[in-house]
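Structure record follows, encoded as structure tokens.
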Amino acid sequence: MVLEPHEENIQLAIKILDEGQCIGLPTETVYGLAGNALNTQAIARIFEVKNRPVFDPLILHIADTNAYEKLQELAVIPEKNKSIIQTLIQAYWPGALTLILPKRNIIPELATANLPTLAIRCPHHPTAQLLLNTYGKPLAAPSANLFGRISPTTAEAVDEELGQRIPLILNGGPCHLGIESTIIDCSGPRPILLRRGAITEEEIMEKIGSLAPPEQTSHPVAPGMLKNHYAPRTPLYLLEAEAPLTQSLPKEYAYLFWNRTNHLPQYSKTLTPNTSFREAAAHLFSSLRALDQSPAKKIFCDPVPDENLGRAIKERLLKASSGTAIWDNRDFVLTDRE
Ligand code: TXA
Ligand code: MG
């Protein structure tokens, strides 16, 4: 059931959360599947609803009121990273930044997949904040999709995928960022970027000077880094060069264009008619979802510029894809990914 975030529905959400069930919750990045982070049964229910393997840890969400104090009740701030962490929080909380920090024992082990660390963020979306502040407890929330599938950016998308499995989805409209939070590991000697996301590396480096790239992590594989993720059911192929003129494109396929707006084939979406990275990110998952629902048997995607938010978008498309494709004047030649 999709409901508007009015006072009585916030109370209903709290009642459901207190029963150890989970709900669909809007955030500024993507919709989350939220449950009481301090209740092992609620955490178990999240894994069950998503079909998520239990080795894949969750992100905790906290209210913006006294966020730094709340953070310290749940996680340890390593002394050597204290000023970096404070700078990041000052700059990006509430917002699309997740920190990895050593966890405190109050957190159920299932939430962190037995890791000694915890992923935590303070979301910006007003409905998420209204619920977190009213509830007064942290919420664990992975993206509200079945494991490995496309992240949802509207309440309708959550309803289509999980509506039968959860009692309530709060409607917060389309997520304005549209891709997940940026994850930075601050548990070790220096900050490491674990997942590219809605805040770019450049923005973060401007604040803290340096940031080690994801490849240098010594962590057990963070499953956002699994090779297959965010995937449509229709095979997606990444074009090595921009698609040819529309007139020559086979009409039976679906297309995800970068900024093309003229003479679009029937099954197609354009990530950014205005050529803006923010707009492309905001359209990414909803466009993939729409093309997946078309009758086309394959989706072809234009190359995405390798800069700014384009890098986070590319990373997601790569994980969602079955392989690459080139156009040979009559049809596409496919190369499947291992
Ligand atoms: O924007 C977001 O971050 C959204 C919204 C709902 O907040 N959430 C989200 O959650 O993307 P999820 O579960 O789809 O992705 C969480 C990622 C996973 O890749 C997981 O491996 C990583 O966070 N993660 C969680 N705890 C971790 C830890 N202790 N160490 C390393 N990675 C961790
Ligand atoms: Mg996810």
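Start at 1 and go down the list; that is how both ligands and their atoms are numbered.
Protein N/O/S atoms found under 2.8 Å from the Mg ion (ligand 2), listed by chain and residue number: Ser143 OG.
For Ala141, every heavy-atom contact with ligand 1 shorter than 4.0 Å involves the backbone, none the side chain. Looking at Leu25 against ligand 1, nothing comes within 4.0 Å, counting heavy atoms. Proximity of Arg52 to ligand 1, defined as any heavy-atom pair under 4.0 Å, is confined to the side chain (atoms from C-beta onward). Here Leu194 has side-chain heavy atoms under 4.0 Å from ligand 1, and that is the only part of it that gets that close.
Side-chain atoms of Arg195 and Ser181, non-hydrogen and from C-beta on, do get closer than 4.5 Å to each other.
In this structure, the side chain of Asn9 engages the main chain of Glu4 through a donor-acceptor pair within 3.5 Å.
With 3.5 Å as the limit, one finds a donor-acceptor pair spanning the side chains of Asp18 and Tyr135. With no hydrogens or angles considered, a side-chain donor-acceptor pair links Glu180 and Ser151 at under 3.5 Å. Thr154 and Arg289 form no side-chain donor-acceptor contact under 3.5 Å, judged by distance and modelled atom types alone. Inspection of the Asn133 and Asp64 side chains reveals an N or O donor paired with an N or O acceptor under 3.5 Å.
Using a 30° and 60° split on the angle between ring planes, Phe300 and Phe332 fall in the parallel class, below 30°.
In this structure, Glu156 has no salt bridge (charged side-chain N to carboxylate O under 4.0 Å, His left out) partners at least two apart in sequence or on a different chain.
Within ligand 1, the atoms closer than 4.0 Å to a non-hydrogen atom of Thr117 are 28 (C), 29 (N), 30 (N), numbered from 1 in the order shown. In summary, the atoms of ligand 1 found under 4.0 Å from a heavy atom of Asp56, numbered by their order in the structure, are 18 (C), 20 (C), 21 (O). Per-residue contacts place Leu115 under 4.0 angstrom from the following atoms of ligand 1 (heavy atoms of the residue considered): 28 (C), 29 (N), 30 (N).
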Stepwise side-chain hydrogen bond (donor to acceptor under 3.5 Å, both in side chains) check, Thr272 with Asn259: CA-CA 5 Å; Thr272 172; Asn259 59 1; over 6 Å; no
